[in-house]
Engineer: 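Encoded as structure tokens, here's the structure I'll be asking about.
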Amino acid sequence: MNNIEKIQKLRVAFQSILRADYISIDDIQQLAQLDDYYVDYFNNIPKVLQDQDSFISGRRGTGKTSLLMRCYYECLKTVSSKISKRSSIFNDKKVLPLYIDLSQCKDIFEKEDEKNIEHNFIIYLVKELKEQLAIMFEQSKMRIFKEDTSKMPEFDFIAQALIEGITIKREVTAQELTQKESMRDGMAIALSPEKLGVSTNIEEGFEAETVKTISETTNFNVQELLSALGAIRRNSKIDSIYVFIDEFSDLSDIEQKEFTTLLKKLLGSKNNIFFKVGTITDRYDFGEKIIIGRDIFPIFLDLNDFAEKYGGIVTALKQLDDFTVSLISKRLEAYCSDIVLNSVFDENINEIITRITREAMGVPRTIGMILQNALIQTELSGKKTNITITDINVGIQETRKIYFSQFQGAVKKRIIPAFYMDMWNSILNRALVEKNKNKKEIKPSSHFMLDPLRKKYMNVFCENFLIHFLEESRASKYGGNYLLFSIDYGICVENNILFAEEKDEFTPARFIYDNTIAQYDCYFVEEQLKSYKCPKCERIYKEEEVAQAKVKRCFECDEKLIEIVHREVPMTEGNYTEVEVKILGLIGSLSEEEAMSASEIGDAIGCTWQKVSNWCSKVLGKQELINVKKIGGKNHYFDKE
């Protein structure tokens, strides 16, 4: 194999790590390949494939869609006549899967009232069910169905109901009081005392008459759908139906609220129909009616959850090194079986894996981006056959630039408040100060701790991979439990900040950054509610906690509290989802010379090119927030300013 062939094969293998939405749910061969190379290092598949409603939560790129599709295929093994491979999880159990991508059916929210959303979603669900059944089974040869689905009365019932609605007939029996009066034409009129407001006391001249009427209303009820699906399940000898709903966080806040109302009706079905919902960390809201842990159960994919399982971030990072090796090795086996891991990298393979892991922090898509950019650097050399540490360093820096550009552009476009840039600079400057405190040698200063009350302050940074949330409860050497974060590894390298590897390097009290972050409290206190802060320990109190005291003092330090005044932040109008913020943010950072196509932006963000193209043409272009130019017949996008 020559170098060109090797690089071409590696390019395909590395690109497959970027996103699972390259995979078509309609292509069983692609799903089978996913089954071959998928690495379930943290044993998430059995968690999802339980007879209970659940949601999968993780940052963009952590593998939510891959996990849902992999579980979908595991269900297919139990029912599809096109798949000979047996399920290692279900054994003899039969589970019928259905996959729905909410980002591809947002037209269900084009309605006049909430009932239309319910009706539109059911139409889409049934359409997908019929289409996916056609893909699962050979025509008229179904392992689980004794007869063609078109002959099932339940399917006819659903289809007809969607067109005409379900006609509900009620016989209404009522007592009417009538008064007959002589008319010129000999007709008699009946006057209803209710309509005329007549007293219920029967007066002379009125007579009671029993009247029976038939009342008809047309409606389609979610419970009717679930009952019909349950009948299909029982008649087909299926044990369960799993509905995988992806991209919930691609819905706006209003759309999430509306869909949650519908989801509440779907959860807890007595028909063995279970829902699995994919969400982005801190970008989902199930409302007050759906109780997490009762109505729906969480499955977390973020690093802090893994760190807790392995007893801390130090041990978890060592496990992530193994995960990185497993992920890359499996892709090589699937796409270029004649290339082994040792022949991809140079002799410093252990250091290369460590650096990739520190930058990715458990996010598979980041691993794919690093490898892709490193491979490009290898190609530029012309003579090298293996990826070197230098190439990996370039890959890390290019990946970091993409993530930071998304953040920087979103701040520029005012869809992320400007104070976040100030807060980011405060964190980075504090880390640089801590780095230089020891004049004899540079000490690690990549990690920092915060009071749990300030957790939401870091959400935007974590979402954009500038900061990583590592542990929920890390004890400081000097007492107290704090949230543990780390600055992105690539940013640390760029600023000559050593990355901490042992707990003694990040648990000293000097890495508690509350006194640095406290100046931004005013942006996070609740509007129209007074809040107070202790100037010594930085603890925040709501007004009701100290309302009874004339002189408000800290319960811990006895210092006199100071009032926090809420500050308004200028924002671009619009209810943007997480992916929309990143798309506009990235485009907002591009000059005309740097203009990117929809597919290039999709790869960088972690979404489909269709999502980028539609939103740019239908929203951003019309609002004149971006510029568009044609290059090679394709639209390329860059900043308006």
Side-chain angles (χ1 to χ4, degrees), residues 57-62 280-283 300-308 313 316-317 320 357-363 365-366 369-370 396-397 399-411 416-435 444-474 482-495 497-501 505-507 511-521 523-524 578 581-582 585 606:
S57 175
R59 290 186 292 176
R60 187 169 292 276
T62 50
I280 291 177
T281 304
D282 299 317
R283 284 284 187 166
F300 298 114
L301 303 186
D302 282 322
L303 180 59
N304 61 292
D305 187 60
F306 300 147
E308 182 180 345
I313 190 59
L317 280 178
L320 285 178
T357 301
R358 298 303 178 271
E359 173 64 14
M361 284 297 190
V363 180
R365 188 168 64 86
T366 301
M369 293 175 67
I370 295 169
I396 289 172
Q397 291 307 311
T399 301
R400 182 205 62 76
K401 286 179 184 177
I402 290 173
Y403 287 148
F404 191 80
S405 294
Q406 295 169 19
F407 169 73
Q408 192 176 40
V411 171
I416 290 179
F419 73 82
Y420 275 102
M421 185 62 78
D422 297 331
M423 186 158 53
W424 166 247
N425 290 328
S426 296
I427 293 170
L428 186 58
N429 290 334
R430 173 70 182 271
L432 292 171
V433 169
E434 297 300 333
K435 179 192 78 169
S445 59
S446 56
H447 294 42
F448 64 93
M449 293 177 283
L450 286 178
D451 188 292
L453 288 172
R454 294 189 171 91
K455 181 180 179 181
K456 66 179 180 181
Y457 294 22
M458 297 295 111
N459 287 353
V460 168
F461 301 129
C462 292
E463 192 173 87
N464 287 277
F465 302 103
L466 305 185
I467 285 173
H468 301 281
F469 180 31
L470 306 182
E471 292 186 29
E472 191 84 38
S473 181
R474 164 55 63 179
Y482 297 87
L483 304 173
L484 178 65
F485 299 89
S486 73
I487 298 172
D488 171 73
Y489 176 79
I491 293 174
C492 289
V493 171
E494 189 178 67
N495 290 275
I497 296 173
L498 291 183
F499 196 82
E501 299 287 350
E505 296 174 337
F506 54 73
T507 52
F511 293 120
I512 300 173
Y513 280 17
D514 282 305
N515 55 352
T516 297
I517 301 301
Q519 61 184 304
Y520 302 100
D521 289 336
Y523 296 108
F524 294 94
E578 179 263 359
V581 169
K582 289 188 173 183

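Side chains are part of it too, since the values below use all heavy atoms of this structure and drop only hydrogens, waters and symmetry mates. Numbers here are sequence positions counted from 1. Source: prediction; values computed, not measured.
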Engineer: Do other residues, nucleotides or ligands put more than 12 heavy atoms under 6.0 Å from the CD atom of E308?
Structural biologist: no
Engineer: Do E501 and R358 meet the salt-bridge criterion of a basic N to acidic O distance under 4.0 Å?
Structural biologist: yes
Engineer: Is the ring pair W424/F404 parallel, tilted or perpendicular, if the boundaries are 30 and 60 degrees?
Structural biologist: tilted
Engineer: How long is the straight-line distance from CG of L483 back to OG of S473, given to the nearest 0.5 Å?
Structural biologist: 8.5 Å
Engineer: Are the charged groups of E463 and K582 less than 4.0 angstrom apart, N to O?
Structural biologist: no
Engineer: Going from CZ on R474 to CD on E472, what distance comes out if it is rounded to the nearest 0.5 angstrom?
Structural biologist: 13.0 Å
Engineer: Examine the side chains of R430 and N515 and answer whether a donor and an acceptor come within less than 3.5 Å of each other.
Structural biologist: yes
Engineer: Enter the distance from I497:CD1 to H447:NE2 here, rounded to the nearest 0.5 Å.
Structural biologist: 12.0 Å
Engineer: Check whether the ring centres of F469 and F485 lie less than 6.0 Å apart, and answer yes or no.
Structural biologist: yes
Engineer: Compute the centroid of each ring, for Y523 and then for F419, and state whether the two points are separated by less than 6.0 Å.
Structural biologist: yes
Engineer: For D488, is there an ion pair with R400 - N to carboxylate O distance below 4.0 angstrom?
Structural biologist: no
Engineer: Hey, what do you get for SG (C462) to NE2 (H468), rounding to the nearest 0.5 Å?
Structural biologist: 8.0 Å
Engineer: Does G490 offer a backbone N or O that forms a donor-acceptor pair with the side chain of Q397 under 3.5 Å?
Structural biologist: yes
Engineer: So, taking the atom named CG in N495 and the one named NZ in K435, what distance separates them when rounded to the nearest 0.5 Å?
Structural biologist: 7.0 Å
Engineer: Does the gap between the ring centers of F461 and Y420 come in under 6.0 Å?
Structural biologist: yes
